[in-house]
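Everything numeric in this text was worked out from a predicted model, so none of it was measured. Naming: A, B, ... by sequence-line order, numbering from 1 per chain. Heavy atoms only: backbone and side chains are in, while hydrogens, waters and symmetry mates are out.
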Amino acid sequence: MEFENIGPDVVRVTLHGRLDARSIDDIETRFTAALAAGDKHALVDLGDVGFAASMALRMLISNARVLLRRGHRLVIFGARGSVAEMLEHSGLDGLIDLAGTEAEAIAVIAGR
Amino acid sequence: MVTAEAALQFDLPFDPQALERGWPLIEAFLDRHAAEPRIGFVANLVFEEILTNIERHAPAGGCSAIHVALALAPDGLQLEIADDGPAFDPCAIPQPPADPAREGGRGIHLMRRMTHRMRYRREQGWNRLEVLITPTA
């Protein structure tokens, strides 16, 4: 997992591999702490994620709610194949935005 | 691409390592028979959601064993997961509320949406969940 500030108020978080219950246990504290400390919009890159289960959604939703309360957004981009299909079925409308590319994700933030 | 029917069955004691022990057996079987990537993804999702659910909700010692049966055919994967825990019918769980801010409760909803068919029966003290997973959505 990597964090990179890509603007004064936007951080990109890149996740890798499998987002199953065990790996979420491993990364959630660091993921949540970094987003809370940054106080920025978050773009989450799932382009290198091959599997995600409901525990990953729970982590993303929990953090998106915190960001929303501070006037920021969490946007997911880059998801492919079944990961993208799973996100589409997850009912995240209004809470988390889904974008195809990083440029589209930045446009979502800019349009807010 | 799957060209003929293949099957696998195995039993596992249920403990916190059941997920880590069971999934590689399923994954190796699907790889061996060149199952479509979507079948592997959804099988993994169902296996993880069911075992995680037992781990979180069954009382300590309430579930001692699971039995897994797979049948792979060109039209999809039939996966049955049986456990001897307390009766729990995931098909009877209502759809999650429209509120997207709700953090939990999405696992069973996702299983329903991503499988072609999901059936439950309680039989001689065992929960038996059977799903059909197709190669395309």
**Study point:** Side chain, backbone, both or neither of B:Leu45 within contact of chain A (heavy atoms, under 4.5 Å)
**Key:** both

Quick check on the hydrophobic clustering: are [X] and [Y] connected, directly or via other members, by side-chain heavy-atom contacts under 4.5 Å?
{"X": "B:Leu129", "Y": "B:Leu25", "value": "yes"}
{"X": "A:Val66", "Y": "A:Val75", "value": "no"}
{"X": "A:Met1", "Y": "A:Phe51", "value": "yes"}
{"X": "A:Leu68", "Y": "A:Leu74", "value": "yes"}
{"X": "B:Leu70", "Y": "B:Tyr120", "value": "yes"}

Check your understanding: Within a reach of under 6.0 Å around NE2 of B:His116, are more than 12 heavy atoms found that belong to other residues, nucleotides or ligands?
Key -> no

**Study point:** Intermediate values then yes/no, salt bridge (charged side-chain N to carboxylate O under 4.0 Å, His left out), A:Arg22 and B:Glu55
**Key:** CA-CA 13 Å; A:Arg22 299 293 185 259; B:Glu55 194 176 303; 3.3 Å; yes

Exercise for review: Please examine the side chains of A:Asp20 and B:Trp23, heavy atoms only from C-beta on, and report whether any two atoms are closer than 4.5 Å.
Suggested key: no

Check your understanding: With respect to chain A, which residue among B:Val42, B:Asn44, B:Leu110 yields the maximal number of heavy-atom pairs within a distance under 4.5 Å?
Key -> B:Asn44

Check your understanding: Top residue by heavy-atom pair count (under 4.5 Å) with chain B, among A:Ala64, A:Gly81, A:Ala21?
Key -> A:Ala21

[atom1]/[X] to [atom2]/[Y] distance, rounded to the nearest 0.5 angstrom?
{"X": "B:Phe41", "Y": "A:Glu85", "atom1": "CZ", "atom2": "CD", "answer": "8.0 Å"}
{"X": "B:Arg106", "Y": "A:Ser54", "atom1": "CZ", "atom2": "OG", "answer": "9.5 Å"}
{"X": "B:Thr52", "Y": "A:Ile24", "atom1": "OG1", "atom2": "CD1", "answer": "11.5 Å"}
{"X": "B:Arg113", "Y": "A:Ser90", "atom1": "CZ", "atom2": "OG", "answer": "9.0 Å"}

Check your understanding: Do side-chain atoms of B:His109 reach the backbone of A:His89 as a donor and acceptor pair under 3.5 angstrom?
Key -> yes

